[in-house]
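Report on one structure; see the data block that follows.
All residue numbers refer to positions in the sequence shown, counting from 1.
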Amino acid sequence: MPELQGIGVSPGSAAGPVQRLAPPPAIPPRRAVISAEDEKAAFRAAVASVSADLTRRADTARDETAAEVLRAQVFMAEDETLVDAVLELVDAGADAPRAVTDALAVHRAAFEAAGGYLAERASDLDDLRDRIVAACLGLPMPGVPDPGHPFVLVARDLAPADTAGLDPATVLGLVTAEGGPTSHTAILARTLGIPAVVRCAGILDLPDGMLVSLDGTSGTVETGVSAGTAAGVKAAEVAARLGRAASTCPGRTADGHPVALLANIGSAKDLTGEVEGVGLFRTELLYLDRTEPPSRAEQVAAYRSVFTALPGRKVVVRTLDAGADKPLPFLHMAGEPNPALGIRGLRVARQAPDVLSTQLSAIAEAAEGTEADVWVMAPMVTTPSEASDFAASCRSAGLRTAGVMIEVPAAALRAGAVLRGVDFLSIGTNDLSQYTFAADRMCGDLAELLDPWQPALISLIAACAAAGAEAGKPVGVCGESAADPHFALVLAGLGISSLSMAPRSIPAVRESLAAHTLDECRQIAKAALAADSPESARAAAYR
């Protein structure tokens with residue numbers, strides 16, 4: 001049987017029988033509507049049922065990131081604009097399932113046209129459509145199968161509600177035909193510790209029950225493997241996980257060079273197990289889908305819950321990373337033709353400076369009386385003056401360690417000048433890839449351009465690391481690339497001082513670093529920099 005190739009997005013190996021995602025409900029032919037009020041009542045009951053189910057899933061989700069994604073879906077399901085559009089179509093003679101489908105098709109087109117974050121949410125609307133239609137028709141919810149044994153889940157793509165509810169004890173691995181390295185599927189798979197491959201052509205042609213093995217780092221899927229091979233892969237992965245779980249030592253190379261391994265979190269709930277610290281505390285989860293900003297007291301409580309959990313350890317707080325591509329109703333911001341290139345990240349402070357000043361003062365207050373080493377960084381910084389102005393705002397608020405994220409090529413190219421005004425840099429490789437290659441990070445058809453092994457991206461990372469070495473200031477990476485055990489070798493060899501990732505990814509990265517000396521990492525990085533393609537760059541780390 002052929003070997004299939006996709007993009008590895010969640011490290012680890014898995015093997016088992018294929019089981020495909022249950023299909024969405026088929027919409028029956030348009031039926032005559034006897035009573036518009038009955039159709040409206042059926043629609044309202046379906047929305048209430050779906051919202052209750054998604055809320056339950058959010059309340060029982062294994063991590064806060066998954067919970068917030070599901071709550072956002074509830075917000076969309078109950079959106080007055082959508083509800084009114086469906087009701088108007090019913091008044092015009094449509095039945096409830098057809099009205100839901102047609103109304104959400106309009107919303108989906110608008111999301112895709114907006115690009116960026118909203119384009120990513122288009123698949124969320126598809127999931128809402130299928131769930132509400134199923135509820136209207138009295139059919140079972142579409143979603144993950146339950147064959148009664150562990151399996152490798154195969155799908156065209158997964159909705160957030162499906163991914164968030166996956167049980168790693170049952171779903172051995174995940175392979176999708178669509179999606180990308182920064183999709184919800186990829187991020188949540190990493191969070192759950194499930195090996196995953198996306199953009200795998202041909203995967204939907206495999207029949208249920210076929211034995212496959214997959215490598216969530218290389219993106220390779222072996223089809224039609226023997227039962228003995230599958231058992232060997234499973235045994236090796238179990239042994240590797242047990243070995244990684246037994247080690248809690250700080251990150252370092254084989255010859256003792258330290259590389260801090262930090263966690264990406266959205267709240268204190270994401271702190272599972274012992275970690276060296278937090279390299280990315282996403283604060284936007286406090287703000288999303290709200291008509292009023294969180295109060296200062298609410299922010300203080302949320303930040304302090306993280307700080308008190310990590311005495312003596314570093315916590316890097318990212319200020320609000322939102323804007324036109326992550327719409328916040330309370331900001332009352334006008335629509336933009338290209339949200340990814342508009343008012344987002346630190347730029348929001350141009351129009352709403354009080355949002356940033358309130359957040360900085362809340363972080364400072366939350367840090368008081370705790371033993372955490374609190375650092376603060378701003379997203380979407382472009383120029384040295386923006387960086388120095390942000391650092392001045394932090395210090396005015398009483399925060400002594402201020403840095404910025406490098407997500408824009410202009411900032412990477414002038415990293416030395418940026419560092420003159422701040423204490424550290426943190427490279428967000430997801431957005432840096434997007435802007436470097438002019439490739440929307442949510443566009444699956446351009447996923448190969450968003451491969452972190454692209455030599456041009458590695459060159460920008462190297463420039464930032466060199467600027468940090470010259471200035472004597474730390475430079476970390478908090479993009480999803482940090483979770484790749486092999487790419488971590490490149491980053492260490494370039495001089496990156498810390499790697500931040502989903503907590504479940506840390507053991508595999510720790511193990512990879514511990515197996516190589518710093519000189520070996522430098523040789524791997526040198527070869528990757530000299531490569532002409534991501535394939536040859538990757539080969540340098542797999543030799």
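Side-chain contact between Pro379 and Thr319 is present, with at least one heavy-atom pair separated by less than 4.5 Å. Within the 4.5 Å cutoff, the side chain of Leu70 has heavy atoms near those of the Gln73 side chain. When side chains are defined from C-beta on, Leu261 counts as touching Met501, because their heavy atoms get closer than 4.5 Å. Asp321 has its side chain within reach of Arg344: a pair of non-hydrogen atoms, C-beta onward, lies under 4.5 Å apart. The shortest side-chain heavy-atom distance between Ser533 and Pro455 does not fall under the 4.5 Å cut-off. In this structure, Ile406 and Val475 have side chains that are not in contact, with every pair of non-hydrogen atoms separated by 4.5 Å or more. Gln523 is not listed as a side-chain neighbour of His516, based on a closest heavy-atom distance of 4.5 Å or more. With a 4.5 Å cut-off on side-chain heavy atoms, Ile461 and Phe487 count as touching.
Checking side-chain atoms of Thr283 against main-chain N and O of Arg318 turns up a donor-acceptor pair under 3.5 Å. Using modelled atom types, no side-chain atom of Glu365 and backbone atom of Val300 make a donor-acceptor pair closer than 3.5 Å. Without hydrogens or angle criteria, Ser512 side chain to Ala508 main chain gives no donor-acceptor distance under 3.5 Å. The main-chain N or O of Ala367 is found under 3.5 Å from a side-chain atom of Thr370 such that the two form a donor-acceptor pair.
Atom OG of Ser393 and atom CD of Gln359 lie 12.0 Å apart (nearest 0.5 Å). Atom CG of Leu499 and atom OG of Ser505 lie 11.5 Å apart (nearest 0.5 Å). Taking CG of Leu518 as the reference point, atom CZ of Arg252 lies at 12.5 Å (rounded to 0.5 Å). Taken from CG in Asp451 to CZ in Arg199, the straight-line distance is 13.0 Å, to the nearest 0.5 Å. Atoms CG and OG, from Asn430 and Ser481 in turn, are 7.0 Å apart once rounded to the nearest 0.5 Å. Atom CZ of Arg190 sits about 9.5 Å away from atom CG of Asp484, to the nearest 0.5 Å.
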Working note: Leu513 + Val509, criterion side-chain contact (heavy atoms from CB on, under 4.5 Å); need CA distance, chi angles, decisive distance, verdict. CA-CA 6 Å; Leu513 288 171; Val509 174; 4.2 Å; yes
Would Arg538 and Ser218 satisfy side-chain hydrogen bond (donor to acceptor under 3.5 Å, both in side chains), going step by step from the backbone distance to the final call? CA-CA 9 Å; Arg538 185 180 277 107; Ser218 68; over 6 Å; no
May I have the step-by-step check of side-chain contact (heavy atoms from CB on, under 4.5 Å) for Val408 and Met380, ending in yes or no? CA-CA 7 Å; Val408 181; Met380 201 65 179; 4.0 Å; yes
Is there a side-chain contact (heavy atoms from CB on, under 4.5 Å) between Leu457 and Phe437? Walk through the geometry before answering. CA-CA 9 Å; Leu457 177 66; Phe437 296 100; 4.2 Å; yes
Between Glu276 and Lys314, does the salt bridge (charged side-chain N to carboxylate O under 4.0 Å, His left out) criterion hold? Intermediate values first, please. CA-CA 8 Å; Glu276 289 186 60; Lys314 179 168 71 175; over 6 Å; no
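Side chain to side chain, Arg504 and Ser10 fail the donor-acceptor criterion of an N or O pair below 3.5 Å. Side-chain contact, Gln299 with Thr358: no donor N or O sits under 3.5 Å from an acceptor N or O. Using modelled atom types, one finds a donor on one side chain and an acceptor on the other under 3.5 Å when comparing Asp431 with Gln434. Between the side chains of Arg296 and Ser361, a donor-acceptor pair is found at a separation under 3.5 Å. Looking only at atom types and distance, the side chain of Ser500 has a donor-acceptor partner in the side chain of Asn264 under 3.5 Å away.
The shortest non-hydrogen separation linking Val422 to Ala387 is CG1-O, 3.5 Å. Here the shortest heavy-atom pairing between Asp440 and Leu446 reads N-CD1, 4.3 Å. Of all the heavy atoms in Pro485 and Thr217, the pair that sits closest is CD-OG1, 4.1 Å.
Among residues two or more places apart in sequence or in another chain, the salt bridge (Lys or Arg N to Asp or Glu O under 4.0 Å) test is passed with Asp373 by Arg400. In terms of the side chain to side chain donor-acceptor pair (under 3.5 Å) criterion, residue partners of Thr383 (sequence neighbours excluded) are, by chain and number, Ser385.
Relative ring orientation between Phe281 and Phe307 is described as perpendicular, the plane-to-plane angle rising above 60° on a 0-90° scale split at 30° and 60°.
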